Amino acid sequence: MLKGIHHVAIICGDYSRSKAFYTQVLGLKVIAENYRQARDSYKLDLALPDGSQVELFSFNGAPKRPSFPEAQGLRHLAFKVDDINQVVQHLQQHGVEVEPIRVDEYTNRQYTFFSDPDGLPLELYQTT
């Protein structure tokens, strides 16, 4: 019935800062960018290599996330990577703070967390 994740939607606090983070630091490719006059809001569609997407929205006055990371709702967004050490090094070279790499006790795979410019918890999960 369900075939996969098509997209994840994120509401950001500073559109230009978040756009730069997701495109320049994380390397996501722009599919479409639209300004919605009626909402005074941007919608940016970004592609990952597997075909899934991240939708980045700007909404004036959107409330901040109530707590980190255990608020009800989306806990975090995890990205698949082949070489976690290489990606961590890339993020750190761009001034992104990354938690120490851990090993999942059930899958024996490496993973770590970092945050986007609005404090949204993001995860790197090594799949190989």
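Worth saying up front: this structure is predicted, and the values here are computed from it rather than measured. What's counted below: heavy atoms across the whole structure, side chains too, no hydrogens, waters or symmetry copies.
- Atom CD in Q37 sits 13.0 Å away from atom CZ in R39 (nearest 0.5 Å).
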Original post:
Please walk me through it: do L44 and F57 pass side-chain contact (heavy atoms from CB on, under 4.5 Å)?
Top reply: CA-CA 6 Å; L44 180 65; F57 290 91; over 6 Å; no
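- The backbone N or O of I84 lies less than 3.5 Å from a partner atom in the side chain of Q126, making a donor-acceptor pair.
- By the 6.0 Å contact criterion, CZ on R36 is enclosed, its count of non-hydrogen atoms from other residues, nucleotides or ligands being greater than 12.
- S52 places no side-chain N or O within donor-acceptor distance of the main-chain N or O of L48, the cut-off being under 3.5 Å.
- Within the model, atoms CZ of F21 and CG of L28 stand 10.0 Å from one another, a figure rounded to the nearest 0.5 Å.
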Enumerate, atom names and distances included, each donor-acceptor pair closer than 3.5 Å involving a side-chain atom of residues 116-125, sequence neighbours excluded.
| unit_1 | atom_1 | unit_2 | atom_2 | d |
| --- | --- | --- | --- | --- |
| D116 | OD1 | D118 | N | 2.9 |
| D116 | OD1 | G119 | N | 3.1 |
| D116 | OD1 | L120 | N | 2.9 |
| D116 | OD2 | Y22 | OH | 2.8 |
| D118 | OD1 | G13 | N | 3.0 |
| D118 | OD1 | R17 | NH2 | 3.1 |
| D118 | OD2 | G13 | N | 2.8 |
| D118 | OD2 | S18 | OG | 3.3 |
| E123 | OE1 | H76 | NE2 | 2.7 |
| Y125 | OH | T107 | OG1 | 2.7 |

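- Listed for the S58 side chain is a donor-acceptor partner under 3.5 Å among the backbone atoms of Y42.
- No side-chain heavy atom of F114 sits under 4.5 Å from any side-chain heavy atom of Q92.
- Pairs engaging residues 43-58 under the salt bridge (Lys or Arg N to Asp or Glu O under 4.0 Å) rule: K43-D45, K43-E55, D50-K80 [sequence neighbours left out].
- Side-chain atoms of L46 and I31, non-hydrogen and from C-beta on, never get closer than 4.5 Å to each other.
- Nearest approach of C12 to L56, heavy atoms of both residues: CB-CD1, 3.9 Å.
- With R109 contributing its side chain and D104 its backbone, the two residues share no donor-acceptor pair below 3.5 Å.
- Looking only at distances, no side-chain donor or acceptor of S41 sits under 3.5 Å from a matching main-chain atom of F59.
- By the rule that hydrophobic residues join a cluster once side-chain heavy atoms approach within less than 4.5 Å of another member, V54 and I11 end up as members of separate clusters.
- The number of heavy-atom neighbours closer than 6.0 Å to CD1 of I101, taken from other residues, nucleotides and ligands shown, is above 12.
- Residue L91 is not grouped with residue F113 when hydrophobic side chains (ILVMFWY) are merged at heavy-atom distances under 4.5 angstrom, including chains of intermediate members.
- Y35 and I10 fall within a single hydrophobic cluster, where Ile, Leu, Val, Met, Phe, Trp and Tyr are joined by side-chain heavy atoms under 4.5 Å apart, directly or via other members.
- Counting non-hydrogen atoms of other residues, nucleotides and ligands closer than 6.0 Å to CD of Q93 gives a total above 12.
- Hydrophobic cluster membership differs between V103 and V88, with clusters built from Ile, Leu, Val, Met, Phe, Trp and Tyr side chains linked at under 4.5 angstrom.
- Under the 4.5 Å side-chain contact rule for hydrophobic residues, V81 and L77 share a cluster.
- Ring geometry, H90 versus H94: the interplanar angle falls from 30° to 60°, so the pair is classed tilted.
- Residues forming a ring-ring contact (aromatic ring centres under 6.0 Å, His included) with H7 (at least two apart in sequence, or on another chain): none.
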